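Starting from 1, each residue takes its place in the sequence as its number. On a predicted model such as this, the values are computed, not experimentally measured, just so you know.
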Amino acid sequence: MIQIEEIEIVEFRGIRHLKRSLGRRSFGIAGPNGTGKSGIVDAIEFALTGNITRLGGAGTAELSVKAHAPHVDASKKPETALVRLQVYAPALKKSFIIERSVKNPGAAVLKPSSAETRALLAQLETHPEFALSRREIIKYILVPAGKRSQYVQELLRLDQLEKLRVSLQRVANDAKRDHGRAEVEDRRSKSDFFHHLGIATPNKTDLLASVNARRAVLKLDPVADLAPENALKVGINPDAEHEASQPFSKLGAKNDLASFLKRLAVSQEITITGAKSDAVGALAQLTDDPALLRVVKQRALVERGLELVECDACPLCDGPWEMALLATHLQEKIAKADAASTALKQLALAIDPLAAHLRAMALDAGKVAEWCEKANPPIDAASLRSHAKGPRR
């Protein structure tokens, strides 16, 4: 993917300053223990990904790139700890420089910077396995077999995929179990149905004969054939028949009309008027500042970002920020979100009685509209029907 032409390491790990020309060739690092061999591999990984694998994972406790990547003499000056790689990309047929500082590890500097070089770096950042020391390779070999897959997935940043796989497998298992239960219930229902009809061996002829015999008792037309449009219970709708046969009742119509008129009168009472005023006030607070609703949606992201602030850069976009200013900015957003949440709660409390009142009005309007349609001659109730559409859906 790339070939290293030159590497320069400054105040990084155990290395004060090292600059070597590698000429795009393979190279080996040899020396006694503690002379910084692994530090060079760490530097290459850091330049490419912004991270150091062996400073994270199980057994690393409180280790971090920002605190432990700089040379011990530069631990208080992370801005002096940096790695610079001059690399050649065969696919692009060009050389460019990748420079990354411990102070802002999430934002590498590319020279020259172009869409192609940025895309190549983004691809490199997802492959920490490109820079592993001998010690790290041995760790993945010696790890217990049951954990090797987990370690490799963490290395390749595939652990989220494993969590997703486990979740999907759980869903598949639940669906399989529910499908099995549904099949058992389906077989049981069919068995009960045919047993009720007195059919030992289910077949089309016997089924139609048995069903039509029962339909004849109900004075319904026989079903000629088994088809979706010929439902076995076609013509059976007792609710609709009852509603159609219900006569017009002057007393019932008068009572329902009185209830509807009473609902209309309540609309002018202080309780409803006050609720409308409270709702308008809460809504005005939100519409006067549209940003409030936006920060409510962003709250979880802002809180997570505040937890991740570790250096002078935004943890979400890698833009440069002073830590104190960034933390203050995020806390202000959270405060706005709290204010917006309070306004939303006030709006909900104000709207609830209004919504209940309107639902009751719609129900009463529907009842009056039904009486209008049953009158002789029928009374036009189109406007009442428009009030009753909401709750009847």
Side-chain angles (χ1 to χ4, degrees), residues 2-25 27-57 59-88 95-113 117-118 121-122 124-125 127-137 139 308-315 318-327:
I2 62 167
Q3 298 169 331
I4 300 177
E5 295 180 331
E6 185 176 274
I7 181 171
E8 183 174 8
I9 306 171
V10 180
E11 301 289 357
F12 187 85
R13 301 296 283 157
I15 302 170
R16 298 305 302 263
H17 184 258
L18 175 68
K19 186 174 183 179
R20 288 289 183 273
S21 176
L22 304 178
R24 307 182 191 172
R25 298 186 304 272
F27 64 95
I29 307 171
N33 290 338
T35 55
K37 302 186 299 298
S38 296
I40 297 176
V41 179
D42 290 341
I44 295 173
E45 179 186 3
F46 174 75
L48 298 180
T49 69
N51 191 30
I52 301 176
T53 299
R54 63 197 187 103
L55 291 185
T60 56
E62 300 300 324
L63 297 182
S64 69
V65 171
K66 183 178 179 182
H68 298 88
H71 188 279
V72 64
D73 293 336
S75 58
K76 302 299 182 182
K77 299 177 181 179
E79 66 277 3
T80 63
L82 59 89
V83 180
R84 185 182 298 109
L85 296 181
Q86 180 174 317
V87 302
Y88 175 76
S95 298
F96 62 97
I97 293 174
I98 304 172
E99 182 177 312
R100 202 182 293 264
S101 167
V102 172
K103 183 178 180 181
N104 192 7
V109 177
L110 297 178
K111 302 176 184 178
S113 178
T117 56
R118 289 193 297 272
L121 180 62
L124 289 168
E125 287 177 340
H127 288 281
E129 74 275 12
F130 286 174
L132 290 178
S133 67
R134 178 187 61 182
R135 180 183 305 167
E136 291 298 306
I137 294 173
K139 181 183 77 172
L308 295 175
V309 173
E310 295 182 349
C311 57
D312 292 341
C314 175
D318 292 330
W321 276 82
E322 290 187 16
M323 285 182 63
L325 290 178
L326 178 57

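By the side-chain contact (heavy atoms from CB on, under 4.5 Å) test, A69 pairs with F12, I52, V65, V102, sequence neighbours left out. Scanning for salt bridge (Lys or Arg N to Asp or Glu O under 4.0 Å) contacts around R16 gives E11, D73, with sequence neighbours left out. Remark: E8 engages H17, R84 in a side-chain hydrogen bond (donor to acceptor under 3.5 Å, both in side chains) (not counting sequence neighbours).
The backbone N or O of A43 lies less than 3.5 Å from no partner atom in the side chain of R13, so there is not a single donor-acceptor pair. Listed for the K37 side chain is a donor-acceptor partner under 3.5 Å among the backbone atoms of P32. Between the side chain of R24 and the main chain of E5, no donor-acceptor pair closer than 3.5 Å is present.
In plain terms, the two heavy atoms of A108 and L121 that are nearest each other are CB-CD2, 3.7 Å. What you find for L85 and I44 is that their closest heavy atoms are CD1-O, 4.3 Å. Pairing each heavy atom of T80 with each of K77, the nearest pair is OG1-O, 2.7 Å. A pairwise comparison of heavy atoms in A47 and V83 identifies CB-CG1, 3.8 Å as the closest pair. Among all heavy-atom pairs drawn from S95 and P112, the shortest one is O-CD, 4.2 Å. For the residue pair P78 and S101, the shortest heavy atom distance occurs at O-OG, 3.8 Å.
Using a 4.5 Å heavy-atom threshold, the side chains of I98 and L48 count as touching. Counting only heavy atoms from C-beta outward, the side chains of N51 and F46 never approach each other to under 4.5 Å.
Atom NE2 of H71 and atom CD1 of I9 lie 12.0 Å apart (nearest 0.5 Å). Note: I29 CD1 to R20 CZ = 11.0 Å, rounded to the nearest 0.5 Å. Taking CG from L22 and CD1 from I7, the interatomic distance works out to 6.5 Å, rounded to the nearest 0.5 Å. Once rounded to the nearest 0.5 Å, the distance linking NZ of K19 with CD of Q86 reads 9.0 Å. Atoms OG1 and CD1, from T117 and I2 in turn, are 12.0 Å apart once rounded to the nearest 0.5 Å.
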